[in-house]
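Because the structure is a prediction, the values reported are computed rather than measured. Per chain, numbering begins at 1; letters A, B, ... match sequence-line order. These numbers come from the heavy atoms of this one structure, side chains and all, not from hydrogens, waters or symmetry mates.
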There are 2 protein chains.
Amino acid sequence: MERAVRELWSESRDLLGLHSSSPDGGDASAVPRADLPPTPLAFLRDHVSPGRPLLVSAAATRHWRATSLWPNNSYLPDALRSTAVSLHLTPDGRADALAPHPHPHPRRPGSSRCFASAHVRRVDFPTAVRLIRESDPAAGLVAYAQQQDDCLRGEYAAVAGDVDAHVPWASEALGCLPEAVNLWIGNSHSVTSFHKDHYDNIYVVVSGEKHFLLLPPTEHHRLYVRDYPAARYVSAEQEAEGKLLKLKLEMEEPERMVPWSSVDPYPASPGEMAAQASSFPLYFDGPAPIRCTVRAGEMLYLPSMWFHHVSQSPGPNGLTIAVNYWYDMQFDIKYAYFNFLRSLEIDDCSSDKNGALEGDLEEEKD
Amino acid sequence: MERAVRELWSESRDLLGLHSSSPDGGDASAVPRADLPPTPLAFLRDHVSPGRPLLVSAAATRHWRATSLWPNNSYLPDALRSTAVSLHLTPDGRADALAPHPHPHPRRPGSSRCFASAHVRRVDFPTAVRLIRESDPAAGLVAYAQQQDDCLRGEYAAVAGDVDAHVPWASEALGCLPEAVNLWIGNSHSVTSFHKDHYDNIYVVVSGEKHFLLLPPTEHHRLYVRDYPAARYVSAEQEAEGKLLKLKLEMEEPERMVPWSSVDPYPASPGEMAAQASSFPLYFDGPAPIRCTVRAGEMLYLPSMWFHHVSQSPGPNGLTIAVNYWYDMQFDIKYAYFNFLRSLEIDDCSSDKNGALEGDLEEEKD
């Protein structure tokens, strides 16, 4: 079974014309680039239908007012002066990510980690920007405006007109308007862990850069998706004006399990790296993930069900600002194939089992 | 493994909105119908990308000269009076199909069948039509004009202008012109056994009806594709003018193996039916194939890699006449998934093996 799955990884990358980055870890992106937005037909035929990402150059957003206005330090805080927004707070910039379980069970080795959601607070937008800029894992507080509930057309409606309401060539190709349009404001401390979305995604960077690690859905097994108990950061102390919050992690009650990738592609220490590599060999020994940096003005089409890990670099204004458009995906034969693949345990057949898969059985070691 | 594969069958039919025919075997077709040809974008989005067949009503070909001219008894024989064409001759109407091995190996139980190709003869077109009309399995000779080498633009170039040179909405959607355009002339005695093509196919009936049994590529295992030694019908006697040929089957030398479906969905006798049902339970016990009858003037879009079995009824002129357009398929993630599925033995894992799969192991019994 493992051999068949590895063959699938290799063939799907070959057929998509997507090869992994240069071995030096450089910025060479294998994602196809277009200088101009594609026609709806070419987009559908060459990208949506085959499930192939596309990076469109900044020409596509040159007409957006946001392109010139949002990088300006004062424009957004002025426009949203009295707007309350949802700010996501974590101690380390890892919202919706695995974290050490606050009460690990001594006799259950698989219970050392949980799935941690951010502490979400409504603050006025100028405060949100200040907290994002002051984010510091050393001080135990990182703020990220990443409310993913169509927030650009909700909380941020006052500035929604600065960007296109939808992506015309994508809407025409997909035959619908976006289900959600989200705004993301953070800085280098915020990281989004490996996950996939049930949407076709058009991701546009307005300020700074976003760094994507991508894996096609065929490489599902490399992510070691397991069920983790859900937890949430809560405020540990009464808050005083101007005093930074202290956050602590609380398990959700009643218990709720969240399937999430076990893999951290950037372990913080050599020891963690060794533990990850030994626990998750299909990720660390397999083909390198496809790297793609999206610069200000550029648009990334990320096909539905692709796994992505996102980190970011701020622009000159100290912020990474992005907008994304989620379009309903088509649940078709590709989706059925994905579910079939996911239903297979890579070590289903004892004849194929080998030492390299020990990590898969042992789930985690950190 | 078998459970996971059955789940894939069920989910892919659900997602494609394709359910099997009515249990009474009636003509209720589950293939989506359109009264008018789709736009290129809708065709690509709703049919090519998800891999979903489409039947387009006769309105699409009303402007073809072939629609009015070809059903006429004298038009084609006049237009092709002095044209030599390739005629495919078999004793029973089953070209490119399994046949009893002429020299079965007594100690190799899997060697009782071979893959038989027709005896191909160049005859003038009026003779071809006469032989097709006189086809009679009882007399041991069935003729079928089914040269699949772009023959409408080759041997039949004189009448190629009677149909559209390509299918405009398909060409625009797929971004290319047809790789091949073929003409098919036969009658009710000719049957095409289950197979798949590496093309997107637009199949147009001009006279009579074609009856398709369809299975999506996800149902690969139900076809029991196995390697069979290739054989060819040859003329057994010196031919005299006006004398019917006698055909006999000769194994190809050197031996050549052809992977082909072991399943005959219409066994000729109750005994053969019982043998087939016991040897190929995944086909006979699984969901009914999708039935689709294409009538004169109608077009069937058959996505690449779909398995199809085709039988036919003649029109008032005694002939079934059809034209098909083969477009290069896109080798994308769906193709990689298919190859992965195909690489899995449904009884790979001994824990899942059960009595229902005996036929799979035993290959054949007839």
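Aromatic rings of B:F43 and B:W169 (six-membered ring for Trp) have centroids within the 6.0 Å cut-off, being under it. Close placement of the B:F280 and B:Y224 rings is indicated, their centers lying within 6.0 Å of each other. Taking the centre of each ring, A:Y283 and A:F194 come in below the 6.0 Å mark. In this structure, the ring of A:F212 has its center less than 6.0 angstrom from the ring center of A:Y203. Within the 6.0 Å centre-distance limit, the rings of A:F338 and A:H220 are counted as a close aromatic pair.
A:H308 and A:N201 form no side-chain donor-acceptor contact under 3.5 Å, judged by distance and modelled atom types alone.
Of the two parts of B:E7, neither the backbone nor the side chain holds a non-hydrogen atom closer than 4.5 Å to a non-hydrogen atom of chain A. Interface remark: B:L16 contributes side-chain atoms only to the contact with chain A (heavy atom separation under 4.5 Å).
In terms of heavy-atom pairs under 4.5 angstrom with chain B, the leader among A:T218, A:D46, A:V48 is A:T218. No other option in A:F340, A:Y335, A:F331 has as many heavy-atom pairs under 4.5 Å with chain B as A:F340. Among B:L44, B:N339, B:L174, B:L341, the residue with the largest count of heavy-atom pairs under 4.5 Å with chain A is B:L44. Of all the listed residues (A:E172, A:Q330, A:K334, A:R52), the one sharing the greatest number of non-hydrogen pairs under 4.5 Å with chain B is A:Q330. Comparing B:S10, B:G175, B:P217 by heavy-atom pairs within less than 4.5 Å of chain A, the highest count is held by B:G175.
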